[in-house]
Undergrad: 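Right, I'll just put the structure down here and ask away after.
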Amino acid sequence: MPKFNPSLLRGAALAVLMLGSSAASAETVLRIAMTAADIPRTLGQPDQGFEGNRFTGLTMYDALTMWDLSSSDEASTLIPGLATEWAVDPQDNTRWTFTLREGVTFHDGSPFNAEAVVWNVEKVLNEDAPHFDASQVGVTASRMPTLRSAEALDEYTVVLVTSEPDSFLPINLTNLFMASPAHWQSIYDALPEGEARAAQAWERFAADASGTGPWKMDAFVPRERLELVRNEEYWNADRVPGVERMVLLPMPEANARTAALLSGQVDWIEAPAPDSIPQIEARGFVIEATEQPHIWPWQFSRLEGSPWNDINVRKAANLCIDREGLRDGLLGGLMVPATGFVEEGHPWRGNPEFQITYDPDEARRLMEESGFSATNRLRVKTQTSASGSGQMQPLPMNEYMQQALAECYFDVELDVIEWNTLFTNWRLGADAPTANGAHATNVTAATMDPFFAMVRFLHSEMAPPVSNNWGYINEPLFDELADRARTAFEPEARDAALAELHQAAVDEASFLFVAHDVGPRALAPKIKGFVQPQSWFVDFSPITIEE
Amino acid sequence: MISYVLKRLVYVVPIVFFVALVCFLLVHIAPGDPLVSILPPDASVALQEQLRTAYGFDRPLPVQFGLWIMKALGGDLGTSIATGRPVLTEVMRAVGNTLLLAGVAAFLGFLAGVALGLLAGYFRDTWVDRLATGLAIAGVSVPHYWLGMVLVIVFSVQLGWLPAVGAGSGSWRFTWDHIQYLVLPAATMAVIPMGIVTRTVRALVGDILNQDFVEALRAKGLGEGRIFAHVIKNAAPTAIAVMGLQLGYLMGGSILIETVFSWPGTGFLLNSAIFQRDLPLLQGTILVLALFFVFLNLLVDVAQAAIDPRIKRS
């Protein structure tokens with residue numbers, strides 16, 4: 001019988017303890033592959049569209065108002081952020097008073113207060129401010145087009161002033177992220193005098209960011225990786241992140257992202273290629289996909305002579321597309337058929353009379369009523385791109401449309417151009433030479449807020465060069481309803497006006513509505529607590545990792 | 001030798017100027033708006049004009065080119081529209097990564113190419129020759145991004161031996177943690193120079209072995225080892241020239257491989273600069289790559305001349 005050896009037992013116990021303590025102290029890390037080719041800008045106002053806001057905006061920074069991202073079943077709504085409440089001045093609808101949350105500090109320890117809000121408004125609106133940064137104007141100012149100035153009433157009260165009554169302001173402010181004035185100033189003061197001093201300060205601030213968000217910057221290698229650690233002192237104890245470190249990696253190529261996920265190099269990938277989904281699922285990964293506020297449409301030209309000026313033609317095109325077939329076949333389930341800018345259950349949906357379904361017989365009847373037939377076909381030309389942010393699978397999807405519309409007496413010509421050129425042409429309008437005589441354009445769009453979702457497309461004053469009414473829609477009813485929504489300061493009244501606007505837009509078949517994206521992402525099974533909201537954004541705070 | 005190098009340096013000046021002009025014009029001729037990546041869709045005309053003026057895009061092209069080249073001579077390649085960071089910093093970081101990748105790939109490719117080429121040349125029309133030639137043809141013919149994907153599927157996805165993408169944690173160190181990121185992209189890239197060098201060396205060795213001086217050396221009773229040294233010396237200038245050009249191509253032509261492997265080098269940078277239509281970044285990257293190519297050629301010429309005095313005399 002072997003002899004009892006106490007030192008052996010002590011050693012074994014120590015080893016077990018060490019193993020236990022090392023397991024307990026092992027840092028939990030969430031590694032995410034983004035579709036972006038670069039880390040979105042980290043200085044407070046991210047680039048790369050809403051993917052930028054998702055990863056380097058809402059993580060390190062907060063805004064006065066925020067989206068509720070806690071539900072996958074209901075549309076995201078506006079909730080208090082760094083402002084606890086807000087109200088428009090009943091005497092002067094261009095003045096809004098925001099009450100700020102007390103006791104919030106930036107990552108550098110400086111306090112968040114009304115002066116900080118004024119400073120952050122001035123960074124993009126006041127050209128004379130020392131910290132004004134032209135490079136942040138583009139991604140900010142036009143997302144809050146009526147905001148003009150800010151003034152501090154006291155330490156925790158700030159007044160924001162708009163150029164005209166605009167009930168969309170609180171929604172627009174979700175895009176204005178609060179950076180730390182004290183941290184920027186300390187960087188600025190350390191730089192030598194010179195013309196580019198402010199720009200240099202912003203560049204350095206981007207490499208050593210300071211906001212009030214639930215995540216703090218820890219390491220940043222431009223174009224390679226951004227490492228964030230959880231902010232233990234975050235003002236909302238319920239949203240202190242469950243994971244200790246988050247690593248963000250730019251991977252623009254879908255196959256590279258898939259390989260990184262399957263090889264265990266990352267835990268989460270954005271937008272897997274549709275044809276890789278079965279393999280990803282077969283390996284035990286979880287696919288998350290929920291309808292996004294997004295529209296994949298054909299936007300019609302309504303210039304004189306355009307075939308789309310005939311409502312029968314517009315309705316026929318909408319009835320000729322088998323959207324379920326597109327979803328289940330070409331896109332592997334990764335889309336939601338679109339029958340408007342928003343779908344059933346959304347507060348802005350309304351009750352359109354025109355039901356957008358797949359009814360090719362009715363489509364042909366409408367076309368025949370307008371004088372078209374199998375022998376007298378209608379030629380239409382559409383501009384699109386081969387790729388692009390949010391464009392989903394533009395070429396195969398458009399070829400599908402081409403084939404479907406051929407059944408309803410349409411001969412579709414596709415004018416495929418480079419994405420940025422298409423995007424630029426969008427702003428130039430259907431009458432610009434760059435439209436190449438196209439009768440429609442296929443640019444996808446975010447539809448999170450009323451301005452982005454509808455007003456910019458439907459209001460006659462939003463025609464080029466002002467905004468994105470590419471086809472010069474000019475319907476007095478649309479203008480009236482959009483104005484009513486914009487000047488309705490009660491949420492219910494505003495939603496009612498928007499619902500009427502949406503109903504009118506669908507009844508007029510103002511767009512060829514095709515698809516909504518579902519924001520697909522693939523997650524390792526060890527990721528727990530994730531909620532895929534009906535939003536472009538995500539809350540990383542509730543996520544935990546269970547090995 | 002010094003006067004030869006100086007003469008070659010003088011030739012470089014107009015070439016670099018011409019390259020800079022062409023790359024500037026090509027980038028500007030392409031359709032689209034350079035500011036579109038930072039302008040939101042509904043940006044006002046006033047805002048567009050403000051930013052256009054800030055970046056100097058409102059000036060006539062010759063003025064823009066003049067200002068750009070003057071600043072470039074002073075080491076200032078401007079500021080990236082998309083990131084606000086200095087272009088030079090962006091490009092040099094990427095150049096470092098690509099140089100590492102291209103250098104390792106070129107080294108591996110050159111070693112394998114010379115070895116296979118010598119074998120094929122010495123054993124012409126045997127199975128050794130056929131095997132080496134087959135590998136060389138495969139090396140230059142196979143779509144390299146496809147080969148990269150296959151290697152990723154096998155070694156990363158299936159076997160889990162190597163990381164699929166990226167370059168590691170950022171600051172490069174020669175530890176296995178970092179080197180493992182280099183293996184697959186370097187191996188993928190190495191097949192290009194391997195194929196070309198194999199074909200070149202095979203042809204050279206065949207020619208040299210048929211020349212009279214080899215017969216003369218044999219007649220003098222020299223051993224095969226000494227003759228091999230003569231063959232190597234005669235083949236070296238051409239092999240070096242080919243390899244130098246290949247290194248240049250690898251520096252500039254790695255865009256697909258770097259994209260497949262998300263390797264943060266110049267190819268990856270070019271890809272995102274094109275995608276974002278970031279003109280200052282695009283121009284700066286192309287210019288730096290062109291300069292690399294030109295100076296690499298110069299280096300190759302000098303190295304050839306040093307090895308083979310006939311070149312210097314000609």
Undergrad: Do the ring centers of F65(B) and F24(B) come within less than 6.0 Å of each other?
TA: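 Centroid separation for F65(B) and F24(B): below 6.0 Å.
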Undergrad: Examine whether an atom of E127(A) lies under 4.5 Å from a heavy atom of chain B, and if so say whether it belongs to the side chain, the backbone or both; otherwise answer neither.
TA: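 Only the side chain of E127(A) comes within 4.5 Å of chain B.
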Undergrad: Which of residues 141-156 of chain B have a heavy atom under 4.5 Å from any heavy atom of chain A?
TA: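 Listed by number: M149(B), V152(B), S156(B).
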Undergrad: Hey, does the side chain of R41(A) reach the backbone of T83(B) with a donor-acceptor pair shorter than 3.5 angstrom?
TA: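 Answer holds: yes.
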Undergrad: Under 4.5 Å, counting heavy-atom pairs only, tell me which of E253(A), R257(A), R223(A) racks up the most with chain B.
TA: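 Greatest number of close heavy-atom pairs with chain B: R223(A).
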Undergrad: So, R197(A) side chain and L191(A) main chain: donor-acceptor pair closer than 3.5 Å or not?
TA: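 Side chain of R197(A) to backbone of L191(A): a pair is present.
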Undergrad: Listed by chain and number, what are the ring-ring contact (aromatic ring centres under 6.0 Å, His included) partners of F220(A), not counting sequence neighbours?
TA: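 Per chain and number, F220(A) pairs via ring-ring contact (aromatic ring centres under 6.0 Å, His included) with no residue.
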Undergrad: What part of P464(A) gets within 4.5 angstrom of chain B, counting heavy atoms only: side chain, backbone, both, or neither?
TA: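 For P464(A), neither part sits under 4.5 Å from chain B.
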Undergrad: Let me confirm one number: the CG-CG distance from N53(A) to D47(A), rounded to the nearest 0.5 Å.
TA: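 If we round to the nearest 0.5 Å, N53(A):CG and D47(A):CG are 9.5 Å apart.
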Undergrad: As an exercise, state the distance from CH2 of W426(A) to CD of Q383(A), rounded to the nearest 0.5 Å.
TA: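 One finds 13.5 Å between CH2 of W426(A) and CD of Q383(A).
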Undergrad: Do N271(B) and E258(B) come within less than 4.5 Å of each other through their side chains, counting heavy atoms only?
TA: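 N271(B) does not reach E258(B) side chain to side chain.
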Undergrad: Are any non-hydrogen side-chain atoms of L289(B) and T98(B) less than 4.5 angstrom apart?
TA: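 Result no, sub-4.5 Å side-chain heavy-atom pair not found.
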Undergrad: Where does A199(A) contact chain B at under 4.5 Å (heavy atoms): side chain, backbone, both or neither?
TA: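 Neither; nothing under 4.5 Å.
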